[in-house]
Amino acid sequence: MDKFSNKVLNYIQKNGMFPEGARVVVGFSGGGDSTALLTVLEKLQPLLKIELFAIHINHLIRSEAGEDEDFCRSFCKERGISFVSRSVDIPLMAKEKSLTEEEAGRIARYEAFSSFVKEISASHIAVAHHQNDVAETLLMNLLRGSGLHGGAAIRPVRDNIVRPLLCVTRAEVEEYLKESGISFCTDKTNLESIHTRNFLRNEILPELEKNVNDRTIQHLCAAAASFDKADEYIREVAGNAFDRIVTSKDGSVCVDTRDILLEKEIIRENIVLLMFETLVKNRKDIGAVHVEEVLDLLKSEDGQASVDLPYGLCAKRTYGRLEISQKGNQTKDIETVTVKPSVGEETQIVIPELGRVTLSVFSYDKQKEVPTWTYTKWFDYDRIQEVSFRTRRGDDKISISQGDAIHQKLLSKFMTDEKIPKDKRDEMVIVADGNNVLWVPGYRISASCKVSEATRYILEIKIDDGGMSNG
């Protein structure tokens, strides 16, 4: 077996690309890369025990496209490889969907691949990316302002897509084709440096290999692989934080600013990326600059601030809450109402989300029983500084009785334990004194302000004509 084929075989086996008996669809353009891929897979077919099917996509862009399709058909016929072709008007698709022809072509190819896989009940799609593609993509993303995620490598296996040539460079592919005497098609547009990728491919990388390091491609690939490992770990940590502190509802995602500011900077950035991903399937146009714009909103908690984003999104910070949603789809801000009732007086306020609230302060008559009604609660007023009706914050705590002891619990943990739906937590009005939660209406009052034998004054809070959260 030749050196190239042996190297590809070892890479396939190392990454467990094909189970025995796999039916594999190979993307075959007729260019050097895909021709090398189809050729080497055909050679390895008896060892791998796989079945090959080739599919060619005619993009209807170049005048020679028909010749390329004829070449691919003849190539497969000579080798007994099943072959189909599909035609897609890429210029029209790009125009209709406001895409570049490169992006439209990529989408069309993978849609055609996936459709053919289902049609013939295949299991895998093999594409011809190699190490130069990884290096080009890394440089292109970094130069466009991508963060760690954009610097990550193209993976050898992703879902049912496999890339057996990621272990070789373009030079190795070209050498293999030359030594094997295998002809292929040449896309002349690849030789024109008018597009970013072609400029990097034809001008920058050759100069780096010639004048900086002849192993530039391999080193960039190794860096991308390291970025990928780091990104995977960071995304896992950020995902756990996201599940804990972010809520989503009706096309918007919200987070308490105090919660997200407790996280490391790199985790904050990835939480924001995950917020984007919750709202848009393809965040291709969301870059590091947009993440930075959102995080800049956290620098002050005074007043309100907002920033417009791609895909018709808007990020808005209102005091202690950060929300990303479609423009005009922000959830209603709930105003904080703070009162300091006086002894012997009755205060009435209206909290739309609760109803009409009456607060009374009076001397404690120990002959009277503490009410147990859902809508009326008594508190030891000697232990309270002021009373605020507001939504939750990241550092809120509630005191819970456990036997003879009283323990403080984060309100977020309490809400999780009580199985309060995530999409309700940011809209619930609580009663608090600073960051000490006095009452979560409908659930519990704090053990730290319950009436006792030592109580002198009672604060009574009564809710009537309930809104969405009373209880």
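For reference, positions follow the sequence shown, starting with 1.
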Test side chain to side chain contact (heavy atoms under 4.5 Å, CB included), reference Ile324, set Leu279, Val255, Val246, Leu297, output is Leu279
Using a strict 4.0 Å threshold on nitrogen-to-oxygen distance, state whether Glu263 and Arg244 make a salt bridge. yes
Salt bridge flag under 4.0 Å for residues Arg317 and Glu323: no
Donor-acceptor contact present, side-chain Thr278 to main-chain Leu274, <3.5 Å: yes
Test item: Arg321 side-chain N/O and Thr257 main-chain N/O as donor-acceptor pair under 3.5 Å: no
When you measure from the side chain of Asp133 to the backbone N and O of His130, does any donor-acceptor pair fall under 3.5 Å? yes
Any donor and acceptor pair, going by atom type alone, linking the side chain of Arg23 with main-chain N or O of Glu51 inside 3.5 Å? no
List the steps and the verdict of salt bridge (charged side-chain N to carboxylate O under 4.0 Å, His left out) for Glu277 and Arg235. CA-CA 12 Å; Glu277 290 174 6; Arg235 295 272 291 181; 3.0 Å; yes
Separation of Asp214 CG from Leu208 CG (nearest 0.5 Å): 12.0 Å
Would you call His129 and Leu166 a side-chain contact if the rule is heavy atoms closer than 4.5 Å? yes
Would Asp417 and Lys409 satisfy salt bridge (charged side-chain N to carboxylate O under 4.0 Å, His left out), going step by step from the backbone distance to the final call? CA-CA 11 Å; Asp417 292 345; Lys409 178 184 288 189; 2.8 Å; yes
Quick check: do Val431 and Ile461 have side-chain heavy atoms less than 4.5 Å from each other? yes
Determine the minimum heavy-atom distance between Thr391 and Asp396, stating which atoms define it. O-OD2, 4.5 Å
Hey, could you give me the NZ/CG distance between Lys210 and Leu205, rounded to the nearest 0.5 Å? 14.5 Å
What's the spacing between Ile55 CD1 and Ser115 OG if we round to 0.5 Å? 7.5 Å
Anything under 30° is parallel, anything over 60° is perpendicular, the rest tilted; go ahead and classify Phe4 against Tyr176. parallel
Please report the C-alpha distance between Ile57 and Val88 in whole Å, then the side-chain angles of each, then the deciding distance to 0.1 Å, and finally whether the side chain to side chain contact (heavy atoms under 4.5 Å, CB included) criterion is met. CA-CA 7 Å; Ile57 312 301; Val88 183; 4.2 Å; yes
Any non-hydrogen side-chain atom of Phe53 less than 4.5 Å from a side-chain atom of Ile125? no
Go through the steps to decide whether Glu175 and Lys3 satisfy the test salt bridge (charged side-chain N to carboxylate O under 4.0 Å, His left out), and finish with yes or no. CA-CA 11 Å; Glu175 183 181 358; Lys3 180 180 177 183; over 6 Å; no
Does Arg155 form a side chain to side chain contact (heavy atoms under 4.5 Å, CB included) with Glu232? I'd like the steps, not just the answer. CA-CA 12 Å; Arg155 295 189 175 185; Glu232 184 176 13; 4.0 Å; yes
Look up atom CE in Met415 and atom CG in Leu410, then write down how far apart they are to the nearest 0.5 Å. 11.5 Å
Compute whether any side-chain donor of one residue and acceptor of the other, for Ser388 and Thr338, lie under 3.5 angstrom apart. yes
Side chain of Asn202, backbone of Asn198: donor and acceptor closer than 3.5 Å? yes
Just verifying a value: how many Å separate Phe414 CZ and Ile398 CD1, rounded to the nearest 0.5 Å? 4.5 Å
Expected list for residues 12-21: side-chain donor-acceptor pairs under 3.5 angstrom, two or more places apart:
from, atom 1, to, atom 2, distance (Å)
Asn15, ND2, Tyr11, O, 3.0

Closest heavy-atom contact between Cys254 and Asp426? CB-OD2, 3.6 Å
If you take all heavy atoms of Tyr443 and Met428, which pair is closest and at what distance? CE1-CE, 3.8 Å
Might you work through the side-chain hydrogen bond (donor to acceptor under 3.5 Å, both in side chains) test for Ser34 and Ser29, ending with a clear yes or no? CA-CA 6 Å; Ser34 64; Ser29 69; 3.1 Å; yes
Just so I know, are the side chains of Leu37 and Leu41 near enough to count as touching, which here means a heavy-atom distance under 4.5 Å? yes
Distance from Glu172 atom CD to Ile217 atom CD1, nearest 0.5 Å? 11.0 Å
I'd like to know if the side chain of Asp256 reaches the main chain of Arg258, judged simply by a donor and an acceptor atom lying under 3.5 Å from each other, with no hydrogens or angles considered. yes
Using atom types as modelled and distance alone, determine if a side-chain donor or acceptor of Glu101 lies under 3.5 Å from a backbone N or O of Pro91. no
Specify the closest pair of heavy atoms between Ala135 and Leu220, including all atoms of both residues, with the distance to one decimal. CB-CD1, 3.8 Å
Residue pair Val440 / Leu411, side-chain heavy-atom distance below 4.5 Å: yes
Min side-chain heavy-atom separation Val294-Val291 under 4.5 Å: no
Would you indicate whether the side-chain heavy atoms of Thr247 and Val253 approach each other to under 4.5 Å? no
Salt-bridge contact Glu103-Arg197 (side-chain N to carboxylate O under 4.0 Å): no
Test Val40 against Glu42 for side chain to side chain contact (heavy atoms under 4.5 Å, CB included), laying out the working first. CA-CA 5 Å; Val40 75; Glu42 184 212 3; over 6 Å; no
Correct closest heavy-atom pair for Ile90 and Gly105 would be CD1-CA, 3.7 Å
Mind running salt bridge (charged side-chain N to carboxylate O under 4.0 Å, His left out) on Arg170 and Glu136 for me, showing each step along the way? CA-CA 12 Å; Arg170 178 175 287 113; Glu136 292 163 11; 3.3 Å; yes
Could you check, using the six-membered ring where one of them is a Trp, whether Phe116 and Phe113 have ring centers closer than 6.0 angstrom? no
Any donor-acceptor pair under 3.5 Å linking the side chain of His56 with the backbone of Phe28? yes
Counting N and O atoms only, with roles assigned by atom type, does the side chain of Arg425 sit under 3.5 Å from a partner on the main chain of Ile420, one being a donor and the other an acceptor? yes
Take Asn132 and Thr169 through the side-chain hydrogen bond (donor to acceptor under 3.5 Å, both in side chains) test and state the conclusion after the steps. CA-CA 6 Å; Asn132 288 61; Thr169 64; 4.6 Å; no
All heavy atoms of Thr35 vs all of Thr39, minimum pair found to be O-OG1, 2.7 Å
Passes side chain to side chain contact (heavy atoms under 4.5 Å, CB included), Asp380 versus Ile384? Steps please. CA-CA 7 Å; Asp380 186 337; Ile384 297 172; over 6 Å; no
Note, Leu48 side chain near Leu9 side chain (heavy atom, < 4.5 Å): yes
Is atom CD of Glu292 surrounded by more than 12 heavy atoms (other residues, nucleotides or ligands) closer than 6.0 Å? no
With a 3.5 Å distance limit and no angle check, can you tell me whether Asp433 reaches the backbone of Asn436 through a side-chain donor-acceptor pair? no
